[in-house]
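To start, the structure under review is shown below, and the notes come after it.
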Amino acid sequence: MRTSQYLLSTLKETPASAEVISHQLMLRAGLVRNVASGLYTWLPTGLKVLRKVEQIVREEMEKAGAIEVLMPMVQPADLWEESGRWEDYGPELLRLNDRHNRSFVLGPTHEEVITKLIANEISSYKQLPVNLFQIQTKFRDEIRPRFGVMRGREFLMKDAYSFHLDETCLKTTYQNMYNAYCRIFERLGLDYRPVIADTGSIGGDASHEFHVLADSGEDDIAFSDQSDFAANIEKAEALAPKGTRPSATQELTQVATPNVKTIEEVATFLSVDAQQTVKTLLVQGANENTPVIALVLRGDHQLNEIKAENLSEVASPLTFATDEQIQTTANCNAGSIGPVNLPIPVIVDRSAAHLADFICGANVHDTHFSGVNWDRDIQNYQVADIRNVVEGDPSPCGQGNIVIKRGIEVGHIFQLGEKYAQAMNCGVLTETGKNQTLTMGCYGIGVSRIVAAAIEQNHDKYGIKWPSAIAPFQAAIVPMNMAKSARVKETAEQLYAQLQRAGVDVIFDDRKERPGVMFADHELIGTPFLLIIGERNLDTQEIEVKNRITGEKSLMKIDQVMSLFQ
RNA sequence: CGGUGAUUAGCGCAGCUUGGUAGCGCACUUGGUUUGGGUCCAAGGGGUCGCAAGUUCGAAUCUUGCAUCACCGACCA
């Protein structure tokens, strides 16, 4: 590719609309352009990267035995009514009508279509298991698209669906996909982690997310510092503190705490550590008999909403009590609630339950209790894990302590079970001639998101530093003052032809630009090797090679250049 | 959906308070200059100031409504 015949489209200035670094660099390097909120055009350079990611994903899926299909982006509403998701999915599902006023949706995912396909095409257990995948554009009408292609409304996704007679078989394929995903992210050259995940609205049993580690990630991932354990913080178990609870040594005492509401204020006012206080949150209960439930946490801990709403007593989705409910149940405002004599069910976090002589609200305006002790002062309560783990907690795997890092979710694998197969009547005849509903797995990878995630993880002040497997070009030929030097021009042309013949993805910067402009552009775009050809080194038949990742410059004989790409 | 802010040339911005012929930098075009890290000089092209209505002799500027975009939050895979 010659730059003179190519659409480079680099920008010197950062567009104001871009917030995160990957979005800024994708605009500046000429990878994408915004069309509307959450919708992007992929420019040639961006598309080359996207295709390389896609190809690695495709190859590894095929190696793992999955078969590629392509399903339509527009899907009939009937299918969604059949699965029940026409009602369940909500406004993220973009619905539209055709000229005959028939209803359709833009596919945010393809469970319905694939399950229908399998229901029609497969009728015998002998044809199982089967694992089909596609790489297709999805549309989700996100409430708030942001961060460029990281959370766009339209995005490219690899989605795979496997069908099985029984759970054992599903688990085998699930593990197979888990391994394939690890190979994919290794080949992509990204620092990633598989993490235990919440199954969320899709439901099912086991689930893993694959995260690319980057400070700008939207998810918190909890790791063990001594084992492979990693879990989304939503799902990371906070173990009960070891040992028995200390005995009570203090009397229950009521303290006036005028205008003291937050935990910080309480701790400061009473000169104690926040760890010695508890906070009491009132949330909506799951049924009418117990409209309000109290959740009690140690003062320095945060509520884990996923864990809380998974409790049978708590309404899902988790909803905090209204101000009126707080007044009527606790008789005070939110800053003074406590579990002592609270006439509603009380659920206490494991760590809070381990405290003795602690401080909590007294259910009287501007008043707290000190010297509070479980069982002596509060009899009716149950203990559960309802907090987020924090750094330094013992890892639930039993080895090491928790470390927390940010991650970008780029893959997610689920064991779906029978949900869709049942709804869409997808079954086969078994060996004994009985009809049996199939059990399913589904496996997603955000292909376009990977491009952004790779940049988040690999950049410097000059631009993108692509892992070589997904760099848009493997090398750039940068001739110095080619217009004046026939020798430089000839050498550049020869090297270009040679690299092209060898199948190296090379871009030849044949613009009549100053060297600084060319260097800056190729460093912004992130090409791994700059092959700099100048009069300076031609007498010795050498060119300069600059490594984008390490920044190292070295001289190399021209006839040795091919060795960089073997 | 709630809060906040923005919308003036392809991009980044000024001008608005105090209404009076629309500007700057980058990019683009032409000529010259320079040529191993975003040269310098000169000349040029490009804008119904987001849309609509109102006030006014006169609106980018004041008023109202709408739209779009972004950020924070809630929501969500």
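Chain A is the first sequence line, chain B the second, and so forth, proteins listed ahead of strands; every chain is numbered from 1. Atom set for the values below is all heavy atoms of this structure, side chains included, hydrogens, waters and symmetry mates excluded.
Here B:rC76 is the nucleotide among B:rC76, B:rG37, B:rC11 with the atom lying nearest to any side-chain atom of A:R151. Listed nucleotides B:rG36, B:rU35, B:rG37 differ in distance to A:E523; the shortest reach to its side chain belongs to B:rG37.
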Nucleotides 68-73 of chain B: which of its N/O atoms have a protein N/O under 3.5 Å away?
residue: B:rC69; atom: OP1; partner: A:S37; partner atom: N; Å: 3.2
residue: B:rA70; atom: OP2; partner: A:S37; partner atom: OG; Å: 3.0
residue: B:rC71; atom: OP2; partner: A:R144; partner atom: NH1; Å: 3.4
residue: B:rC72; atom: OP2; partner: A:R144; partner atom: NH1; Å: 3.2
residue: B:rC72; atom: OP2; partner: A:R144; partner atom: NH2; Å: 2.9

Give me the distances for all protein-to-nucleotides 38-42 of chain B N/O pairs that come in under 3.5 Å?
residue: B:rU39; atom: OP2; partner: A:R514; partner atom: NE; Å: 2.9

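Across all strands shown, A:K512 has no heavy atoms under 4.0 Å from either base or sugar-phosphate atoms.
Applying the ring-ring contact (aromatic ring centres under 6.0 Å, His included) criterion to A:Y161, with sequence neighbours excluded, gives no partner residue.
Between the side chain of A:K553 and the base of B:rG36, no donor-acceptor pair of N or O atoms lies under 3.5 Å. Judged by distance alone, with hydrogens and angles left aside, A:E13 brings a side-chain donor or acceptor within reach of the base of B:rG25, the pair sitting under 3.5 Å.
Rounded to a whole angstrom, the distance from the P atom of B:rG5 to that of B:rC62 is 15 Å.
With the nearest nucleotide of RNA chain B identified for both A:E142 and A:A483, A:A483 has the one nearer the 5' end. Mapping A:H211 and A:N537 onto RNA chain B via the closest heavy atom, the residue that lands nearer the 5' end is A:N537.
A straight line from CG of A:L43 to C1' of B:rG10 spans 13 Å, rounded to a whole angstrom.
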